[in-house]
Peer 1: 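Okay, handing you the structure first.
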Amino acid sequence: MNLLELRRVSHWYRPGEASRPALRDVSLLIAPNEVVAVVGESGCGKTTLGKLVAGLYSPSAGEILFEDQPLRSLQGRNKKHYRRSVQLVHQDPYASLNPAVTIGDTIAPALVHHGLARRHNAGVAAARALGAVGLDATPEFLDRYPHQLSGGQRQRVAIARAVSLEPSLVVADEATSMLDVSVRVAVLDLLLSLKQHRELAYLFISHDFGVVRYFARAGRIIVMLYGVVVEEGPTEQLIANPLHPYTVLLLQSVPVPDPARNEQRRRDQLPLVLGGAPPERGCVFSNRCPFATEVCRTTTPPRVEAGLGHKVRCWSPRAALDAGRSTQLSHST
Amino acid sequence: MVAYVARRLAGAAAVVYLVVTISFFMVRLMPGNAVSALEASLRSQGGMTPQEIQQQVSEIYGVMPHSPVWRQYLSYIGNVARGDLGRSVLNPSESVAHIILGALPWTIFLVGTALMISFVLGTALGAAMAMFRTSRLCQLVSFIASVASAVPNYLVAIVLLYELADMHRFFPVSGAYSVNVRPGWSLAFIGSVLYHGVLPISAYVVTSFGGWALAMKGSSVSCLEAEYVRVAKAWGLSDWRVTRSYVGRNSMLPMVTMLALSLGFMVGGSVFVETYFSYPGIGYYLIQAVNSRDYSVMMGCFMLITVAVVLANLFVDLFYPLVDPRIARPRGGRASVPGALPVPGKGAQGPGSLVGVEA
Amino acid sequence: MRRALRDLWRICRSDKAALAGGLVVVLYLLVAVLGPYLASPGGLQSPANANLGPSLQHPLGTDPLGHDVFASIVVGTRPVMLVGVLAAGITVFIGVAVGLLSGYLGGLVDAALMRVVDIFLTIPGLPLIIVIAAIVHTTSPVVLAVVLSVTAWAGLARAVRSQALSLREAEFVEAARVQGLPLGQIIVRQLLPNVGPYVAIHFLLDVTGAIYAEVGLFLLGVAPITGTNWGEMINSAMSEGALYSSSSVVYLLSPMAAIVVLQVAFVFFARALDTLFNPRLRSQ
Amino acid sequence: MIPEGSTRPLLEVTGLTVDFPSGASRVRAVDEVSFEVRANEICALVGESGCGKSTLAHALVGLVPPPGQVVAGQLRLEGETYSSTSPREWRALRGAQVGMVFQAAMSGFNPVATIGRQVEHILKAHPETFPSVAAGRAYFEELLGLVQLPVQRVWGAYEGELSGGMKQRVAIVTALLLKPRVLVLDEPTTALDVLNQRLVIDLLRQLHQRLGLTMIFVTHDLAVVADVADRTLVMYAGRLVESGGTREIFGRGRKHPYVTALIEAVPSVLEDGLSIRAIAGEVPNLAHLPPGCRFAPRCLMAEALCSEVEPALQCDASGHAVACHVVNRVDWRVST
């Protein structure tokens, strides 16, 4: 059984307009207990994808299925089951917790609503949920307001709110990018351990390949640009042999905590061109791609299978592969 | 931009139309029905034929009493559109439009002067308070401003009347100018007008400068703490430049909006002060009409006050995009800055003057 | 709630004006409830009782009819406060309901409601209140309160709407929606706690606004006189010629002082609430 | 304290201390920090949130936000003390000698004046830099070209009409307009995605080479530091805990357990990125600091002494400084 499936999903924020879609023809499968990471620059549609999966919007076109049932058709108990099973963790723990609501009241209402606790013991259940993410949930802690917590604590509360409903899929939208370095790994590890113990699947959205490599080491990566999936594949495979020039560009642009390696990588970097709007026709990367040819500018590239579930939308994936190799992205010295 | 102007104009027209309609129904359909009441009273006076009575009523209220309501409504609207607001019930020889036009200059003089004084005084104080906001003196001024803005203006009017006019005879008790001078552009007349204006204007200023000061303080403080002010300092710009172009301009923008809006509201708020000082402005006639049940004058005054507010609003809406580029630009938000802002000129209340511009 | 009260107490302790304001407001409320049981203005038994100066027996003297001025003020508190609080309550109820619905639902509902709000924002409140009061000529406190709140709600509705609009997009509301919480719960448990503080402050200032207008109506003689209240006291003091003599000055000034003290107290108490609910100030 | 270098330092900071009053007590955001920056050097100031790095950066241009106060310390530019100058001298200095790019570049422009207008304000405030406003504008245009922004898109625009990434780039360009000797950048890449981040870093590196710009780069992102900085200063809870050459700090030369733990916690796209480790606990609240070494409660190497006595910053002959009881003692043994 597929946990979640997107079938040729497109989305426009302003319906009926001939504007550029935030998502274009995205198909995606997420299996139970799988980690799927979505990578791309800001505005590439990765957040929209997350919000559609979390059911905050209905897609303008295409179909999203949860446990093989189309979301559109879910009613009553099934709908409630979906609402409980797919949860969202936001990027900014300062914005995702209501400043006027105590920690206890942030967690408890949904537990009661979904029958995981009764009204009279909701506090105890909330404390247990907080304990599961490594917070010391004393009654005094439950009475605190978000502004009395540190950034790391807040993000743990946000995670507790999501996982307390025992979901099967969590959408983590840049969930660690605002945290301090010393706290970030702890939160990533927490998410990974929850996956192990609770059979969770993640849709992990990030612009940082470093974090993605750590988090989705056993999963898959999807690279997006202008609402289009340009490359997808198993994490190690994709990082070792990127086939789309855009992926190469992203990989090369992430600095690493090693001055010597940075200097070395810099020499062979692809030129960086920031795009405004995507081209009207052809490959979405064609106006920024150093390898673009006539065909790239006129015709949308087909999806090429490179084996092991590694797929790319590019007319000349070979060029990217060579460029990636020459910067020694993955082969440690 | 054209669409924006058209939308504002249409909005203003809608409000005026609505108020005229309200006014019609109030006079025609409210309990006690002013039209039938007048009819009855004319009949009881005797000496008039039913036709004469009908004629009289229609001249006063602009509607024929026994025609269908929709016809009365249409003719009323038509009259108002032509500037014919009917005639005074008490004094049928005088037209409402005439009374109002006679009163209007006095209200404009009174309200305009008072508003200017309290605006200048208040914003200057507010800016000073923002600059020295940690000092003791600022706290004291802030306290005084809060108290002053909380006191109802009619009470100040009474105290001024009692203390300075009646007890000590420093200032005249009533009227817009002395009966001994002839109206005209003579020094004596202007002097008399100013002399008569001192107390009513003071009553306004005392109760409204505090609101301005507090609003300006809030506006300035939020600008002083804005990131772009810190950046401007880091560029090494002079204090004068930072104060003028970065703090001053941005903190004055909402104040200017509020000023234009207050203009309209002060006309409405003039009723108390004008009544107590027997100052022959719109507010005075409104209350006179209310107390003598002179509905046509009453509704005329109300309509005029509303039109004043609508025009002030319209002026702000049309003029604001010129000063503030954030409005009516493609990426800008909703055009109407007003409404969200406190309006200190509204009188002693003015909810929100505390909450500040930031809120 | 307990926390909020504790914070309020902390702020009041550091801000003496706010503390005084809060105490005065509570005192007035008590007097409004208990007033008629505490004092009785008495009446004219003999002409010698009229126009007395302050004394132990009559702390603020007596009026031309021999009523005790202090007792009149005490008894007159109830109608003034009652109408003020009622009017503010109606204002806040309509304003919050319209604002939240309009902001959270958006779309056509929002567009329609906001047109109405815009119109009510433009119509000058005080003249309209005077005109309506003159026409309906009511003696009922409820009707008077309705008249007083006829335009006041619009400003609040606009403010609440703009907050609801931004709250609707807030991530914590998104989180609540993802959790499948019903609309009612989201509005009550997520939106309301955020607009609550603003509404509370608005309520206090609305009370002062309503009292301002209400007393004004009595002063102008537009609202029919029913029993003792401050506006009526000032009004009759003036018609008794208090402006022209110093003998009845206490009679004129005492009710005015009662109003001023109450209004100032409300404003300072509202300031304490503003501090309480402003996280930036609270954290300091 | 100050090592004998071949070149005289351009900027010297000695014993800088910044306090924020908090109720009756005061919170010390920056605690006796001393360091120096040589000409033409990119110096990174790293630390986690609340370590005082931003406050320190603001103090360098005399713009600590109130109620914060610089209570001690000296700032010297080419040997000249400027920390105690008059407001007028500060103004002449800011922008032209010491430039600053603030973190919140998104709200760093006056919303009701065009960018061009504000550039003219800068040029008029410092008439000595360019012979004419037109010359200044031409230089502005040249700098914009380096960040791939056409001047006609920017000059007449209001800040609301530029995207976040654009504003960030324009903010850097305006700070560079007066060719400052030292440019202080507070988290210039934080809110940006990877590509915008690389664009900004490339820009800074280019400017560094072409203009010989000296930079102090404040950030919490260690990978960025490893990419741009010549020297790295690490702060923890208001104190400087280690400083040295970037290659040393990220290589075998680093000493402080906190710095080691921090670098080992950075996820990396390289293979060794999988072996990262979290640091236990959280950054202490400046209002409730632990006794002794501030990192001791989280430190795996901590000894009894560490939670009693605060270690002093000790500098070796190469200019590498570290404040840690344990490593300083070990070093002493090794070197004798």
Side-chain angles (χ1 to χ4, degrees), chain B residues 11-12 14-15 18-19 22-23 26 30-32 34 143 146-147 149-152 154-155 158-159 161-162 165-167 264-265 267-269 271-272 275 283 286-287 290-291 293 295 298-299 301-302 305-306 308-310 313 336 338-340 346-356 359, chain C residues 17 115 117-119 121-128 130-137 152 154-156 158-159 162 198 201-202 204-206 208-213 215-216 219-222 234 238 242-246 249 252-253 256-257 259-260 263-268 270-271 274 278:
Chain B
V15 176
L18 197 85
V19 167
I22 291 175
S23 148
M26 285 231 218
M30 281 304 262
F143 181 85
S146 301
V147 171
S149 66
V151 177
Y154 44 78
L155 296 188
I158 293 173
V159 170
L161 260 180
Y162 179 74
D166 288 318
M167 292 304 290
F265 280 108
V267 176
V271 287
F272 292 117
T275 304
L286 175 68
I287 297 305
V290 164
N291 284 334
R293 308 263 164 262
Y295 288 99
M298 187 168 101
M299 294 325 297
C301 290
F302 175 63
I305 292 170
T306 308
V309 178
V310 169
N313 269 326
S336 218
K346 228 173 166 176
Q349 80 268 59
S353 60
L354 263 178
V355 183
Chain C
R115 287 291 76 73
V117 166
D118 278 343
I119 289 168
L121 269 177
T122 316
I123 298 176
L126 196 59
L128 183 64
I130 291 173
V131 167
I132 298 179
I135 290 174
V136 297
H137 216 70
L156 180 62
R158 166 68 77 74
S162 69
Y198 182 82
I201 293 166
H202 213 281
L204 291 182
L205 296 174
D206 282 342
T208 69
I211 290 177
Y212 164 81
V215 173
L219 266 178
L220 294 172
V222 175
I234 303 171
M238 299 213 341
L243 278 180
Y244 310 102
S245 74
S246 53
V249 64
L252 175 68
L253 293 185
M256 287 171 51
I259 298 166
V260 170
Q263 300 284 70
V264 173
F266 263 118
V267 167
F268 280 101
R271 198 170 68 173
D274 193 27
N278 191 334

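Letters A, B, ... mirror the listed sequences (proteins, then strands); counts begin at 1.
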Peer 1: Between B/P152 and C/Y212, what is the shortest heavy-atom contact and its length?
Peer 2: CB-CD1, 3.5 Å
Peer 1: Looking at C/V260, C/I119, C/V131, which one has more heavy-atom pairs under 4.5 Å with chain B than the rest?
Peer 2: C/V131
Peer 1: Once you round to the nearest 0.5 Å, how far does CD1 of C/I135 lie from CE of B/M298?
Peer 2: 3.5 Å
Peer 1: Quick check for you: to the nearest 0.5 Å, what is the distance between B/F302 atom CZ and C/I123 atom CD1?
Peer 2: 5.5 Å
Peer 1: Quick check against the 3.5 Å criterion: does B/Y154 have a side-chain atom that pairs as donor or acceptor with the backbone of C/L220?
Peer 2: no
Peer 1: Could you give the distance from OG (B/S149) to CD (C/Q263), rounded to the nearest 0.5 Å?
Peer 2: 10.5 Å
Peer 1: For a quick test of reading the model, state the closest non-hydrogen atom pair linking B/V309 to C/T122 and the distance between them.
Peer 2: CG1-O, 3.0 Å
Peer 1: Find the one option among C/A154, C/A133, C/G216 whose heavy-atom pairs under 4.5 Å with chain B are most numerous.
Peer 2: C/G216
Peer 1: Between C/L204, C/V215, C/V117, who has the most heavy-atom pairs with chain B when the cutoff is under 4.5 Å?
Peer 2: C/V215
Peer 1: How close do B/A150 and C/V267 get, counting heavy atoms only, and between which atoms?
Peer 2: CB-CG2, 3.7 Å
Peer 1: Just how far is it from atom CG of B/N291 to atom CD1 of C/I130, taken to the nearest 0.5 Å?
Peer 2: 10.0 Å
Peer 1: Below 4.5 Å, heavy-atom pairs only: which of B/V19, B/V159, B/T306 has the largest tally toward chain C?
Peer 2: B/T306
Peer 1: Calculate, to the nearest 0.5 Å, the distance between atoms CG and CD1 belonging to B/L155 and C/I234 respectively.
Peer 2: 5.0 Å
Peer 1: Measure the spacing between CD1 of B/I305 and CG of C/L126 and express it to the nearest 0.5 Å.
Peer 2: 8.5 Å
